[in-house]
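To start, the structure under review is shown below, and the notes come after it.
By convention here, the first residue in the shown sequence is residue 1.
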Amino acid sequence: MSSPSPSPPAPAEEEGRAPTKYVLITGGVVSGLGKGVTASSIGVVLKACGLRVTCIKIDPYLNTDAGTMSPFEHGEVFVLDDGGEVDLDLGNYERFIDVTLTRDNNITTGKIYQSVIEKERRGDYLGKTVQVIPHVTDEIKQWIQSVSSVPVDGQTRPADVCVIELGGTVGDIESMPFIEALRQLSFSLGKENFCLIHVSLVPVLGVVGEQKTKPTQHSVRELRALGLTPDLLACRSAQPLIGSVKEKLSQFCHVPVENILNIHDVPNLWHVPLILRNQKAHEAIIKQLNLARSAGPPELRDWTDMAESYDNLNNSVKVALVGKYTNLTDSYLSVVKALLHASVACSLKPSIQWIAASDLEDATAISAPDAHAEAWETLKGSSCILIPGGFGDRGISGMILAAKYARENRVPYLGICLGMQISVIEISRHVLGLEDADSEEFNKDTPNHVVMYMPEVSKTHMGNTMRLGCRRTFFSKPDCLTSKLYGSPPHVDERHRHRYEVNPSFVPMLESAGLHFVGCDESRNRMEIVELQDHPFYVGVQFHPEFKSRPRRPSPPFTGLIMAATKQLGAISNSSNGYVGASD
């Protein structure tokens, strides 16, 4: 697979078009304050005002993209339609604002330096000494302005507003070139085209019980020393800020009191846009950007209904998530959100039971018997089982045992990517009697590679070499359950991220054992969807349906899992119309 162009092409300017305005989100004091949710929520509110919004995430690390990072480093790798492997915050943007972003919407230091060095090698700088200023900063500015001009909502004209999130914390050495580039961009665009929102923390010391403003004061002081002055403050706190704290922040940070927003802890994240709306964040941003003629009052009735209806749900469904990276739940953020969307559509709250796959293994019964017993008790007490994607052989035996339990005990099961491959290995071993059946990823020497390395994938390079992005899957059996869940279309388009696939030479044997391959790619040789015969719900998909799940458009495979777990699937199984709302 060819690498993307390191520098996006600059689109032609549309004559007479108002320039795209920019809202920059920075963070101070500590990382993990929720800049991504804040940026997404601001996008929701501005879109509700009738403005068209796009987003950019800046990650100052040297990696070209997130593709080779461990989930323990930065959480999940989110995959876009164009195959971009990006930061999980772009998943938040897509889910909240309902846009389709590209790999270029995620800027990294690696991409910027790669582009600058390639230009230097071509002689584009005409023999000049290549430096951070102006060459790196100019590249950052060009990238931002080029990407912000690309529509992401299906229309042809560029967006009205581009929300930029700067990753990390103000003062980090790796983000300094970006800070300087953004300072220059702010100056060249002018105040009415650039709005800076600084997200900070207002902690409460346990002994005193007082909301402390000093960390925010120092953070703003450092930001101003770098040449950027915030127009709004978004203060994170456990409880709502008291009036005197806002006044103190206003006095010491040179931000009007009405521009100090408070994002306090809420029952669910869908409340954050409503908090911003209630505090008139949109009015401050629209005034700063001179967009009063283009924007109206925010229309958030549907969003309000969604947030409040979730709070009023009383019943839950237990979902056993058997994975490799369960110590960091952000590793499966999109899976968690897809379960949330599907459960809410079924008037339920998801109760995710996190199970480390290795805890289910027989070896753990000897080394850590309490953890082994607890894991099995949790699995058996759940209403359904989900095995998500992953790489490497750690925990594979536990996943196979979980899939076997689901098959033998008729427990609803959904396998995603690796989870589908696990179901193939399990049935090959325990139904077909191929005891040494395995994936080429885990055992290169077995003669029964029921899962094999994809022929076209590089075996020497790891980054951007998998089968990535949105691919078409054709239903080979139109009356299958998965097709009905999608509304019985001839095909579906879902996002992929894998370098292993089911070995087609074993497909006839597996189908004779009752594992039907009901979806495949255009070649008809690459298996995409499996269903187990005579089972309430046993589905595996090679793609990642979680990446396209939205709050009001839940992913059909996830919806099917939740419906099966709560005995609501009968009407779908006997119908050809599919799940209402699954694909509208």
Side-chain angles (χ1 to χ4, degrees), residues 1 67-71 77 79 83 85 322-325 357-358 360-363 387-404 407 413-469 471 473 494-513 515-517 519-530 532 539-544:
M1 182 176 291
T68 56
M69 288 187 184
S70 163
V77 176
V79 178
E85 297 172 285
V322 182
K324 298 164 61 71
Y325 318 112
S358 55
L360 297 170
E361 297 176 351
D362 295 338
I387 297 182
F391 298 93
D393 60 0
R394 181 176 56 83
I396 295 302
S397 296
M399 293 181 183
I400 291 172
L401 289 170
K404 182 173 184 283
R407 176 178 60 81
Y413 172 89
L414 176 61
I416 297 172
C417 196
L418 173 62
M420 170 179 154
Q421 297 169 7
I422 289 294
S423 65
V424 169
I425 297 170
E426 190 278 318
I427 288 176
S428 298
R429 290 183 183 181
H430 301 126
V431 178
L432 293 177
L434 304 175
E435 294 182 2
D436 58 353
D438 216 329
S439 168
E440 193 174 356
E441 181 180 8
F442 315 133
N443 184 352
K444 299 186 185 305
D445 299 324
T446 179
N448 291 312
H449 281 143
V450 293
V451 176
M452 68 179 194
Y453 208 96
M454 295 171 61
E456 70 271 29
V457 172
S458 171
K459 293 189 177 184
T460 59
H461 288 71
M462 302 295 287
N464 195 46
T465 59
M466 288 185 278
R467 185 168 181 250
L468 292 164
R471 309 287 181 126
T473 295
E494 293 281 10
R495 297 176 183 178
H496 292 67
R497 185 177 187 248
H498 64 109
R499 56 170 53 94
Y500 296 89
E501 64 177 342
V502 175
N503 189 335
S505 62
F506 285 89
V507 167
M509 293 177 62
L510 289 161
E511 291 214 320
S512 69
L515 190 65
H516 295 300
F517 293 86
C520 54
D521 75 342
E522 65 279 359
S523 72
R524 309 293 171 177
N525 289 321
R526 183 159 285 153
M527 302 301 113
E528 294 277 4
I529 306 172
V530 298
L532 183 61
V539 174
V541 293
Q542 186 59 70
F543 46 80
H544 287 266

Which donor-acceptor pairs under 3.5 Å do the side chains of residues 388-404 make with protein atoms, sequence neighbours left out?
| residue | atom | partner | partner atom | Å |
| --- | --- | --- | --- | --- |
| Arg394 | NH1 | Lys324 | O | 3.0 |
| Arg394 | NH2 | Lys324 | O | 2.9 |
| Lys404 | NZ | Glu408 | OE1 | 3.4 |
| Lys404 | NZ | Glu408 | OE2 | 3.0 |

> Does the pair Glu494 and Thr473 meet the rule for a side-chain contact (heavy atoms from CB on, under 4.5 Å), with working shown?
Replying inline: CA-CA 8 Å; Glu494 293 281 10; Thr473 295; 5.7 Å; no

Got a second to check how far [X]'s [atom1] is from [Y]'s [atom2], nearest 0.5 Å?
{"X": "Leu468", "Y": "His544", "atom1": "CG", "atom2": "NE2", "value": "9.5 Å"}
{"X": "Tyr500", "Y": "Glu440", "atom1": "OH", "atom2": "CD", "value": "6.5 Å"}
{"X": "Ser423", "Y": "Leu414", "atom1": "OG", "atom2": "CG", "value": "10.0 Å"}
{"X": "Ile425", "Y": "Asp438", "atom1": "CD1", "atom2": "CG", "value": "5.0 Å"}
{"X": "Phe506", "Y": "Met452", "atom1": "CZ", "atom2": "CE", "value": "10.5 Å"}

> Can you name the ring pair (Phe, Tyr, Trp, His ring centres under 6.0 Å) partners of His498, sequence neighbours left out?
Replying inline: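 Applying ring pair (Phe, Tyr, Trp, His ring centres under 6.0 Å) to His498 gives His496.
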
>> Run the ring pair (Phe, Tyr, Trp, His ring centres under 6.0 Å) test against Tyr325 and tell me which residues pass, sequence neighbours left out.
In response: Phe72, Tyr332

> Do Met527 and Val424 have side-chain heavy atoms sitting under 4.5 Å apart?
Replying inline: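 Result no, sub-4.5 Å side-chain heavy-atom pair not found.
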
> Arg407 versus Leu532: any side-chain heavy-atom pair under 4.5 Å?
Replying inline: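 A side-chain contact exists here, since the closest heavy-atom pair is under 4.5 Å.
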
Keeping the roles fixed (side chain from [X], backbone from [Y]), state whether a donor-acceptor pair exists under 3.5 Å.
{"X": "Arg429", "Y": "Ala437", "value": "yes"}
{"X": "Arg499", "Y": "Glu441", "value": "no"}
{"X": "Arg526", "Y": "Asp521", "value": "no"}

Compare every heavy atom of [Y] with every heavy atom of [X], then report the nearest pair and how far apart it is.
{"X": "His449", "Y": "Asn443", "answer": "NE2-O, 2.7 Å"}
{"X": "Ile427", "Y": "Ala513", "answer": "CG2-CB, 4.2 Å"}
{"X": "Tyr413", "Y": "Gly419", "answer": "OH-O, 2.8 Å"}
{"X": "Phe543", "Y": "Ile416", "answer": "O-CG2, 3.5 Å"}
{"X": "Ser428", "Y": "Val450", "answer": "OG-CG1, 3.4 Å"}

>> Just checking Glu511: does its CD atom have more than 12 heavy atoms from other residues, nucleotides or ligands closer to it than 6.0 angstrom?
In response: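 Above 12, so yes.
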
> Is Arg471 paired with Glu501 through a side-chain N to carboxylate O contact shorter than 4.0 Å?
Replying inline: no

>> Checking Glu85 against Met466 for the side-chain contact (heavy atoms from CB on, under 4.5 Å) test, could you report, in this order, the C-alpha distance in whole Å, the side-chain angles of both residues, the deciding distance, and whether it holds?
In response: CA-CA 10 Å; Glu85 297 172 285; Met466 288 185 278; 3.4 Å; yes

> Regarding Thr446 and Asn448, is there a side-chain donor-to-acceptor distance under 3.5 Å anywhere?
Replying inline: no

